[in-house]
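Computed from heavy atoms alone, side chains included, the values below leave out hydrogens, waters and symmetry copies. We name chains A, B, ... by the order of the sequence lines, and we start the count at 1 in each one.
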Amino acid sequence: MPKRRLLVTSALPYVNGHIHLGYILETVQTDIWVRFQKLRGNECLYVCADDTHGTATMIRAQQEGRSEAELIADMQAAHVADLKDFDISFDNFGSTNDPENERFCQSMWHSIREAGLVKEKNVEQLFDPVVGTFLADRFVRGTCPKCNSADQPGDNCSKCGSTYGPADLLDPKSTLSGATPEVRSAKHLFIELEQLHEFLETWSQSGKHLQPEIANYLQGHFLGEPLRDWDISRPAPYFGFEIPDYPGNYWYVWFDAPIGYMASTQQWCDRTGGNFDDWWKSSDTEIHHFIGKDITYFHTLFWPGMLKTAGYSLPTKVHIHGFLTVDGEKMSKSKGTFVNARTYLNHLDPSYLRYFYAAKLNDRVDDLDLALDEFIAKVNTDLVGKVVNLASRTAKFVEQIGLSKEYPEDGGLFVHAAQLGDEIAEAYESCDYSRAMRLVLGLADRANPFVEENKPWELRKDPGNAARLQDVCTIALNLFRQIAIYLAPVLPRLAQQTGELLNDPITSWDQAQTPLVGTPVAKFKHMLKRIEEKDVHAMIEESKPAEVASAPGESITESVDRWNDSADALAAEPLAPECTFDDFTKVDLRVARVVEAEAIPEAKKLLKLKLSLGGGEYRQVFAGIKAAYEPEKLVGRLVVMVANLAPRQMSFGLSEGMVIASGPGGPDVFVLSPDDGAVPGQRVH
RNA sequence: GGUCCGGUAGCUCAGUCGGUUAGAGCAGGGGACUCAUAAUCCCUUGGUCGGGGGUUCGAGUCCCUCCCGGACUACCA
């Protein structure tokens, strides 16, 4: 087979957060594929970068009192270290804030301009005079211009389903300040994606570049109607690259992020003498993007559209994977299942997770569950019990004498494993790693009985059997080596150790075709420890928020803040503008008791609550806390509610207030409780 | 509610074009071994292939329908 040239990417991690096990899933998936391709002898370049731009970076830098550049540099160093320790083998890891990226943005922009895809639209945008900023759609609510339903979001009506702009709302309010926004004319630049409709439909529906369910999704959600113009500029203040022919405005972060793949490639070329056009403008080069399903449409509509317009190669394939869940649930900070890469590394070997992910990954978009008990059992049984055991039970018998000079008769075991190589390779190639792992483990299941039947431990008792002992161990170690070669993309450390043990480095897939003979065998060293349950538990405990993990009732008299809470929550949702005391008193917060609570089967997030304010005064409230609370456990407890909120008609009934809770949503919602002594009906001042 | 994907042993899954008696690993039960990280090996229990209907000589596989689960989307704000 002729050598292929492949450019491979993982999605760019956002600079504002640390690497977690969900992103590790993506990079492990990519890295396995890259290592596989290199092992097969293909020319393969793996690039990535930090995604740095956007409002969130700007706000966080302000809060931390330093420049964006400093923030980015720190986070990038942390990202690189985390990923390196998971054996992710990037050829280059850059940053979307690097000068190379700005140059590519400019040239890409130039092409898109020339193609006549850019138009300026005088957007009637709402401006919050209190905060002094333009309001994105989601920061405005008001009355639907079509059906007059109150309190509707700024982009479409939840009652009648009509879509409109925020400026069309009849009685708009800023959700930041509550002020009535002014309509101001703001100029934005848009890319008319609709001009590329036909191309995108052909490309996405060709059956070659996308998984079938993704092609289907695009057809159903986007391609069935005209594609909307893509708002590509953001007015200052914004952290990003300023648009050269449109001063005071910046490219939206999703414009420059994928271009980061190119900038990173350029950096690699500059460092190694490579030629950029060989990678991005050559029909001989395949381009493979690995991404999560959350960013599907950026990579399957906007990005191919940009590449096409600017005359670059189109992605050969966009490989899309699902999210990571832990023990069957969305990762949750409060449960300790939102685990940072570094926290994992503090307790466990990266090889465990690489193998487990490989054993579960296929070429579909399904979510992948990290069931912790399964994780422990699978790694210990498969890797330690079956694979590494082959070496550890035989290597010491040939430590002095090495492998036999000729490969002995083994009943066809080696040939069988050699022949299976193509099938395993096919599974890797198509990203069906779980199949590859099954096939490889099947080899270990044949090799262990061989050792059992030939009893090297008995052979060694009689010096007359020395030659036979050497032959048996030569066979077992060769079978082990084949497995190590086939697992090398997943377990580079095991491949390295195997090379050292048998004095022949593993560098090529084809090494599994020829038995190794006559080499010395090094003293056997442990290759992989068993996972201990306590280490997994320690990792989960370390991932829990400090206030949950520490014992209650400790002294709080110390003058210094010893809790050292993370800045993440504040950065995710910055402080609202100042309000007056009068503003505050408009909101009537009351202690209330939950007297009834039931889940609404048709709604995914809603519980229906009956709240008592005492004295027979009740309120019916719908609260989006289904994922976090069992209805039965709420009954009887005290909560804080907004008692004078305008009632809202919902599909399931009238909601007459709101239960106060914090947290980002989903399973991470935390309902507030008053301290002991509070009674229903009391106002919260 | 809409769209899509799935449901095979206690668990995780394989099952090709419709073709013999539906498989594997783990877990469970019994035995063996003692080289190996309490690892390994042999034997073994366990299934109305979600339910019902249809097509067919023949259905886990194809069609219809219902039930259940998940994802996306909407609602939640």
### Query
Between A14(B), U37(B), C5(B), which nucleotide gets closest to the side-chain atoms of Asp366(A)?
C5(B)
#### Entry: Sugar-phosphate only, base, or nothing, as touched by Val365(A) at under 4.0 Å among non-hydrogen atoms
nothing
### Message
Using a 4.0 Å heavy-atom cut-off, does Asp445(A) contact any base of the nucleic acid, only the sugar-phosphate backbone, or nothing at all?
### Response
sugar-phosphate
### Task
Identify, between Gly657(A) and Asp367(A), the residue whose nearest nucleotide on RNA chain B lies closer to the 5' end.
Asp367(A)
### Message
Measure CD/Glu533(A) against P/U37(B) and give the value in whole Å, please.
### Response
22 Å
### Phosphate contact (U12(B) OP1 or OP2) by Arg438(A) side-chain N/O below 4.0 Å
no
### Summary
Between Pro350(A) and Arg493(A), the two heavy atoms sitting closest are CG-NH2, 3.6 Å
### Query
Only one of Leu528(A), Asp382(A), Leu494(A) clears side chain to side chain contact (heavy atoms under 4.5 Å, CB included) with Val387(A); which?
Leu494(A)
### Query
Looking at the side chain of Lys386(A), which of G25(B), U37(B), A36(B) is the nearest nucleotide?
G25(B)
### Query
Would you say Lys396(A) reaches A36(B)'s phosphate, i.e. side-chain N/O to OP1/OP2 under 4.0 Å?
yes
## Note on the structure
To the nearest angstrom, the CG-C1' distance between Leu439(A) and C13(B) comes to 13 Å
## Note on the structure
Regarding the side chain of Leu606(A), the nearest nucleotide among G25(B), U40(B), C76(B) is C76(B)
### Task
Would you mind listing every side chain to side chain donor-acceptor pair (under 3.5 Å) that reaches into residues 521-534 of chain A, with sequence neighbours excluded?
none
### Message
Students often get this wrong, so: under 4.0 angstrom with heavy atoms, is Lys293(A) touching a base, only sugar-phosphate, or nothing?
### Response
sugar-phosphate
### Query
Does some side-chain heavy atom of Ile320(A) sit less than 4.5 Å from a side-chain heavy atom of Tyr217(A)?
no
### Query
G25(B) C1' sits how many Å from Phe356(A) CZ, rounded?
14 Å
### Query
How many Å lie between CG on Asp432(A) and C1' on C13(B), as a whole number?
12 Å
### Inter-nucleotide C1' distance (U44(B), G6(B)), Å rounded
32 Å
### Task
Taking atom C1' in both C63(B) and U56(B), compute the distance separating them and give it to the nearest angstrom.
12 Å
### Query
When the distance from CD1 of Ile320(A) to C1' of C72(B) is rounded to whole Å, what number comes out?
13 Å
#### Entry: Euclidean distance, atom NE2 of residue His221(A) to atom P of U73(B) [Å, nearest integer]
7 Å
### Message
Using the P atom as the point on both nucleotides, what is the distance between G60(B) and G7(B), in whole Å?
### Response
15 Å
### Query
Between Arg435(A) and Glu423(A), is there a salt bridge with N-O shorter than 4.0 Å?
yes
### Task
With heavy atoms under 4.0 Å as the rule, sort Met658(A) into base, sugar-phosphate or nothing.
nothing
### Task
Check whether any side-chain heavy atom of Tyr357(A) sits under 4.5 Å from a side-chain heavy atom of Val490(A), and report yes or no.
no
### Task
Determine the sole option in Leu324(A), Thr337(A), Val28(A) for which the side chain to side chain contact (heavy atoms under 4.5 Å, CB included) test with Leu21(A) is passed.
Leu324(A)
## Note on the structure
The correct set of residues in residues 452-476 of chain A placing a heavy atom under 4.0 Å from RNA chain B is Glu452(A), Trp457(A), Arg460(A)
### Task
May I ask you to say what Gly385(A) touches in the nucleic acid, namely base, sugar-phosphate or nothing, with a heavy-atom cut-off under 4.0 Å?
sugar-phosphate
#### Entry: Which atom of Lys386(A) lies closest to which atom of Asn448(A), heavy atoms considered
O-ND2, 3.1 Å
### Span that lies between the C1' atom of A22(B) and that of A14(B), in whole angstrom
11 Å
### Message
What is the distance, to the nearest angstrom, from the NZ atom on Lys360(A) to the P atom on C11(B)?
### Response
13 Å
### Query
Looking for any heavy atom pair under 4.0 Å, which part of the strands does Asn448(A) touch: base, sugar-phosphate only, or nothing?
sugar-phosphate
### Task
Give one of base, sugar-phosphate or nothing for Phe323(A), where a contact means two heavy atoms less than 4.0 Å apart.
sugar-phosphate
### Nearest-angstrom distance from the residue atom CD of Glu656(A) to P of A77(B)
14 Å
#### Entry: Separation of the P atoms in C42(B) and C4(B), to the nearest angstrom
47 Å
### Message
Suppose you measure atom C1' in C64(B) against the same atom in A59(B); what distance do you get, rounded to whole Å?
### Response
15 Å
### Query
Is a salt bridge present between Arg393(A) and Glu452(A), judged by a nitrogen-to-oxygen distance below 4.0 Å?
yes
### Message
Can you confirm whether more than 12 heavy atoms, excluding those of Arg637(A), are under 6.0 Å from its CZ atom?
### Response
yes
### Query
Given that both pair distances must be under 3.5 Å and the pair must be Watson-Crick or G-U, what runs of three or more consecutive pairs involve RNA chain B?
B:1-7 with B:67-73, B:10-13 with B:23-26, B:28-32 with B:40-44, B:50-54 with B:62-66
#### Entry: Pairwise C1' distance, G30(B) and A36(B) [rounded to whole Å]
24 Å
### 5' precedence on RNA chain B between Tyr217(A) and Asn362(A) (nearest-nucleotide basis)
Asn362(A)
### Task
Examine A39(B): is either OP1 or OP2 under 4.0 Å from a nitrogen or oxygen in the side chain of Arg530(A)? Give yes or no.
yes
### Task
May I ask you to say what Leu528(A) touches in the nucleic acid, namely base, sugar-phosphate or nothing, with a heavy-atom cut-off under 4.0 Å?
base
### Message
Roughly how many Å apart are U55(B) and C13(B), using the P atom of each and rounding to a whole number?
### Response
35 Å
### Query
Out of U37(B), C41(B), G6(B), which nucleotide sits closest to the side chain of Arg364(A)?
G6(B)
### Message
If only side-chain N and O atoms count, and only distance matters, is there a donor-acceptor pair under 3.5 Å linking Thr296(A) with Asp294(A)?
### Response
no
### Message
Any non-hydrogen side-chain atom of Leu403(A) less than 4.5 Å from a side-chain atom of Val521(A)?
### Response
yes
